[in-house]
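All remarks here apply to the structure that follows.
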Amino acid sequence: MKTLLIHAKHFEYEAREKALDAAESIDGNRSGSFENALVVFVTVEKGDGSSQDVVEEAAADVLDVFRRVGASRVVVYPYAHLSDDLADPEEAKRVLSQLAERISSAGVPVSRAPFGWYKRFSVECYGHPLSELSRTIKPGRRVRPGYADFAVMFPDGRIVGIEELRAEELPEDFVALLEAEVFKKKREGGEPKYLEYCRKFGFEWEPMSDLGHMRYGPEATIMLDAVAEYAWQCARSLGIPVYKVRGTNTFNLSFKPVAQHAQLFGDRLYQMEVDEKKLILRYAACHQQFAMVKDWEISYRDLPFGAFEVADSYRLEQPGELLLCFRLRKFYMPDLHVFCKDLAEAMEVSFRIHSKIYEEIRKLGRDYVSIYNLTRSFLEQHRDYLKRLVEMEGKPVLLHFVPEGKYYWVINVEYNIIDELGRPREIGTFQIDVGNAERFGITYVDENNTRRYPVIIHTAIIGSLERYVFAVLDTAAKKARAGEVPSLPLWLSPVQVRVIPHSSEYLKLADSIADKLEEQGIRVDVDDREESLAKRIRDAEVKWIPYVVVVGKREAESGKLTVRVRGQGQYEMSLEELVGRLVSELKGYPRVSAALPRYVSARPRYSP
RNA sequence: GCCCCGGUAGCUCAGUUGGAAGAGCGCCGCUCUGGUAAGGCGGAGGUCCCGGGUUCAAUCCCCGGCCGGGGCUCCA
């Protein structure tokens, strides 16, 4: 069977004259006219009627496309001209009827144009990518093409094909992942809340740059600084020596390794020509770190070690793909490369990375569902390794098989959160790279004085800085959706404590409290504006400030502070108690020097 | 890159069936000294995204472009 699927804004036909003696009767079905229809032009070929397979598969495909494009009905239109191996008319009529019935039994409205007539028709195609598709369906071919590249691995080591999955043994988030990545289910849409939160904290597009470049206002910059520092902290916590380095974002294509590595990225590469030199912007920290480490003299005793940089990275994403704080043309990648003796050592190290990546997302109160991209041969050879990774996750993972030899890595794990709107979003990732050491000429000397190429792990433990912020803001959005007060973790809050003097008389007292908090490395400001207390409290809440301290006559007399804690309530405590609480809440997280100027009364307004 | 929706004050948006442009917030001034989510009064502020077309007349209609949001294609 051959089919041609057109998603038509408008479709109409009218039977004119018989083409065959075996033509169907057209009583009441001489013509039809439809809006927003999926028109299925069908040619039935010899043998299609011999088993149910063909009809089943064709119907499943039509239904799949129907759901994805959001058409309101299906029109089955017999059309002999897609093949020269036509079934005889009786077989064709039977198969066409079965196809229509099969689609109809899924609850989808179906119309069928008559078989065996010359028909006038006109079709207005929407023109989106899915609006024109053609298929060839042969008897006996069962697995749907899109599914063959996927399987699911369970913690007990079982590997199950997509069609054999039982929904009841799959966690909800995993189903969301399957729907997006494998079934390609169409989504409802709606503007996500995190975009509003981005504006609130000053994460915005920069209109005067290229598309996909962001700017970061004062609050956003404090947050980004904190995330960058935290990413470094995570890299160091793996128990492997890690060297922080820094480099350039611009590389010259005339160097072979640069050109080869660039080729892997294809047309998403940012390029420019300067002084007749072809230059590229790096798409991750790989270029710089490999170019540097190739000049290092490395002994097996030094391995494994890591190199780390928060690298400004550039990818020429397509305009329609860009998404604030998520898919960007310029972003910051806290990229760690771990150089290992061999694949076995890399796999050992990857367990630590795997567990760290999970630990970090869970600290945000979230969880991942993962995709393991790998070749089938890697699966065959390292099934125990994979089983252990999945055991550590304690839930199923999606295996995605890629062609042998196409990529520089043998396994590439993508860790996805399921966002506020049910979409998988990749945040963390690691890859085991067996190709780039040789390409860049990175070697070490082993126990036997032989030069060898190390195996390199690439990882962004907490994802790009922007994506980590996305995860944080999306978590707040989920809270808000659940009716809770949305908030930031204390260590990421641009202002951690706001002190509000009840009236200007108490400004000195407010300042002295702010001084003491600042000494402890707390980000604090003072709302000294001539506004009502209620107004200033409200503004602090709008900015999600976690701790708000009001000082006035009462506090001056009692020596205690009245502290409003976001999402919790109002408490009396001493300054020491407040500091103790803050310090313990910040334990394990970085303090950065960036902070806002103290007085709220003298600040430009730049965010809602 | 494709399809749909949108672009009006610094921000969020209303509006004009084509005839001199509106609100709230913010800003400025005055007033209020206020105890936990907006005290009161007044004022300033506009290339209605850009370019072309239709029209006596375009912010509004038509065409093209730019930018944003959504859905895809992509992407790992």
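- Two rings, from His502(A) and Tyr506(A), have their centers 6.0 Å or more apart.
- The residue Leu195(A) sits close only to the backbone: its heavy atoms come under 4.0 Å of sugar-phosphate atoms, none of a base.
- The side chain of Trp205(A) contributes an N or O atom lying less than 4.0 Å from OP1 or OP2 of G69(B).
- Here Arg215(A) pairs with Glu204(A) in a salt bridge; the nearest charged N to carboxylate O distance falls below 4.0 Å.
- With both ends at atom P, the span from G10(B) to C66(B) equals 25 Å, rounded to whole Å.
- In this structure, Arg268(A) does not reach the C75(B) phosphate: none of its side-chain N or O atoms is under 4.0 Å from OP1 or OP2.
- One interatomic measurement links the two molecules: CD of Glu196(A) to C1' of G69(B), which rounds to 14 Å at whole-angstrom precision.
- Searching all strands for a Watson-Crick or G-U wobble partner of C27(B) with both distances below 3.5 Å returns G43(B).
- For Asp527(A) and U36(B), the CG to C1' distance is 13 Å, given to the nearest whole Å.
- Counting non-hydrogen atoms under 4.0 angstrom, Arg536(A) reaches nothing in the nucleic acid.
- For His7(A) and C2(B), the NE2 to P distance is 18 Å, given to the nearest whole Å.
- Looking at Glu555(A), its side chain comes within 3.5 Å of the base of G35(B) through a donor and an acceptor atom.
- Residues Met214(A) and Tyr216(A) form a side-chain contact, since some pair of their non-hydrogen atoms from C-beta on lies under 4.5 Å apart.
- Counting non-hydrogen atoms under 4.0 angstrom, Arg187(A) reaches the backbone sugars and phosphates but no base.
- Base engagement by Thr562(A) is indicated by at least one non-hydrogen atom pair under 4.0 Å involving a base atom.
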Polar atom pairs (N or O), protein with nucleotides 39-49 of chain B, under 3.5 Å:
unit_1, atom_1, unit_2, atom_2, d
G39(B), OP2, Ser532(A), OG, 2.9

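- Look at the C1' atom in both G42(B) and U36(B): the space between them is 29 Å, to the nearest Å.
- Rounded to the nearest Å, the gap between the C1' atom of G24(B) and that of A9(B) is 12 Å.
- Taking the six-membered ring for Trp and the full ring otherwise, the centers of Tyr283(A) and His287(A) sit less than 6.0 Å from each other.
- No side-chain donor-acceptor contact under 3.5 Å links Arg498(A) to the backbone of Ile545(A).
- Between G7(B) and C75(B), the two C1' atoms lie 29 Å apart (nearest whole Å).
- Counting to the nearest Å, the C1' atom of G35(B) and the CD atom of Glu557(A) are 13 Å from each other.
- Remark: the separation of the C1' atoms in U12(B) and U54(B) is 34 Å, to the nearest Å.
- Side chain of Lys553(A), nearest nucleotide from A76(B), A37(B), G35(B): G35(B).
- Residue contacts shown for Glu181(A) are absent, as no nucleic acid heavy atom lies under 4.0 Å away.
- Between Glu321(A) and Gly212(A), it is Gly212(A) whose nearest contact on RNA chain B lies nearer the 5' terminus.
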Check the pair Asp335(A) / Gln289(A) against side chain to side chain donor-acceptor pair (under 3.5 Å), numbers first and verdict last. CA-CA 10 Å; Asp335(A) 210 356; Gln289(A) 295 183 4; 5.8 Å; no
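- When distances run from any side-chain atom of Lys9(A) to the nucleotides C4(B), C74(B), C27(B), the shortest one goes to C4(B).
- Taking every side-chain heavy atom of Arg605(A) into account, G26(B) is the closest of U73(B), G26(B), U33(B).
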Could you go step by step and tell me if Thr475(A) and Arg366(A) meet the side chain to side chain donor-acceptor pair (under 3.5 Å) rule? CA-CA 8 Å; Thr475(A) 304; Arg366(A) 300 298 288 268; 2.9 Å; yes
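- Nearest nucleotide to the side chain of Arg199(A), out of U12(B), U73(B), G34(B): U12(B).
- Taking atom CZ of residue Phe331(A) and atom C1' of nucleotide A76(B), one finds them 12 Å apart after rounding to whole Å.
- Computed from coordinates, the Tyr194(A) OH to G68(B) P distance equals 13 Å when rounded to whole Å.
- For the P atoms, the distance from C41(B) to C32(B) is 15 Å, rounded to whole Å.
- Out of A37(B), G68(B), G34(B), the shortest distance to the side chain of Leu211(A) is found at G68(B).
- Nucleic acid contact class of Arg327(A) (heavy atoms, under 4.0 Å, all strands): base.
- Note on Pro192(A): only backbone sugar-phosphate atoms sit closer than 4.0 angstrom, heavy atoms only; bases stay farther off.
- Nucleic acid contact for Glu191(A): sugar-phosphate only, since backbone atoms but no base atoms lie under 4.0 Å from a heavy atom of the residue.
- The nearest whole Å value for the distance from the CZ atom in Phe401(A) to the P atom in A76(B) is 18 Å.
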Test log, rule side chain to side chain donor-acceptor pair (under 3.5 Å), inputs Arg529(A) and Tyr599(A): CA-CA 8 Å; Arg529(A) 290 175 305 164; Tyr599(A) 298 112; over 6 Å; no
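- Cation-pi geometry between Arg425(A) and Phe326(A) is met: under 6.0 angstrom from the ring centre, within 45 degrees of the axis.
- In this structure, G6(B) and C67(B) make a Watson-Crick or G-U wobble pair, each of the two defining distances being under 3.5 angstrom.
- Each of Val551(A) and Asn373(A) was assigned the nucleotide of RNA chain B with the nearest heavy atom; the assignment lying further toward the 5' end belongs to Val551(A).
- For Gln431(A), the listed nucleotide lying nearest its side chain is A76(B); candidates were U12(B), A76(B), A37(B).
- Nucleotide G70(B) holds its P atom 14 Å from the NZ atom of Lys193(A), rounded to whole Å.
- Using atom C1' as the reference point in both A21(B) and A76(B), the two lie 50 Å apart (nearest Å).
- Residue Ile371(A) is classed as having no contact, given no heavy-atom separation below 4.0 Å to the nucleic acid.
- Side-chain proximity of His400(A) to the nucleotides A76(B), G1(B), U36(B) is greatest for A76(B).
- For Arg467(A) and Phe470(A), the positive end is not near the middle of the six-membered ring at less than 6.0 Å and at most 45° from its axis.
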May I have the step-by-step check of side chain to side chain donor-acceptor pair (under 3.5 Å) for Asp433(A) and His337(A), ending in yes or no? CA-CA 10 Å; Asp433(A) 172 358; His337(A) 291 94; over 6 Å; no
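- The separation of G26(B) from G22(B), taken at their P atoms, amounts to 22 Å, rounded to a whole angstrom.
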